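Scroll down for the structure; my scribbles are underneath it.
Quick caveat, the model's predicted, so the values are computed rather than measured. Each residue takes its place number in the sequence, starting with 1.
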Amino acid sequence: PPLPDKLMLKNISGTPARRLAIINDRTFGVMDQALVRLATTNISIRCLEIRTNSVVIHYDKTGAKKE
């Protein structure tokens, strides 16, 4: 199957004390860092915060934050 061309939050699970988020088929906990595959490249992101319905990430290369 083709890879996504943007980051997509697919699921948030776990207890309020230990939440997990799935972003583009990659599982993140708070402060986890990983390479995420996109259609044309890989990007390194860090999960800063997992909220009830959203996730705050940090793009390692640019330093930008996004919810």
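- In the hydrophobic clustering, Leu35 connects to no other residue, as no ILVMFWY side-chain heavy atoms lie under 4.5 Å from its own.
- Residues Leu38 and Asn24 form a side-chain contact, since some pair of their non-hydrogen atoms from C-beta on lies under 4.5 Å apart.
- No continuous path of hydrophobic side-chain contacts links Leu20 to Leu48 [ILVMFWY only; heavy atoms under 4.5 Å].
- If you take CG on Leu3 and CG on Asp25, they are separated by 9.0 Å, rounding to the nearest 0.5 Å.
- Looking at every heavy atom in both residues, Gly29 comes nearest to Cys47 through O-CB, 3.5 Å.
- For the pair Asn53/Ile12, no side-chain contact is recorded, criterion being any heavy-atom separation below 4.5 Å from C-beta on.
- For the pair Leu9 and Phe28, the minimum side-chain heavy-atom distance is 4.5 Å or more.
- Residues Asp32 and Thr27 form no side-chain contact, since every pair of their non-hydrogen atoms from C-beta on lies 4.5 Å or further apart.
- The two atoms that bring Arg19 and Gly14 nearest to each other are NH1-O, 4.1 Å, heavy atoms only.
- Cluster annotation: Ile50 and Ile22 are assigned to distinct hydrophobic clusters (Ile/Leu/Val/Met/Phe/Trp/Tyr, side-chain heavy-atom contacts under 4.5 Å, transitive).
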Just distance, no hydrogens or angles: give the donor-acceptor pairs under 3.5 Å from side chains in residues 55-67, sequence neighbours left out.
from: His58; atom 1: ND1; to: Asp60; atom 2: OD1; distance (Å): 3.2
from: Asp60; atom 1: OD2; to: Gln33; atom 2: NE2; distance (Å): 2.6
from: Asp60; atom 1: OD2; to: Ser44; atom 2: OG; distance (Å): 2.6
from: Thr62; atom 1: OG1; to: Ala64; atom 2: N; distance (Å): 3.3
from: Glu67; atom 1: OE1; to: Arg51; atom 2: NH1; distance (Å): 3.1
from: Glu67; atom 1: OE2; to: Arg51; atom 2: NH1; distance (Å): 3.0
from: Glu67; atom 1: OE2; to: Ser54; atom 2: OG; distance (Å): 2.7

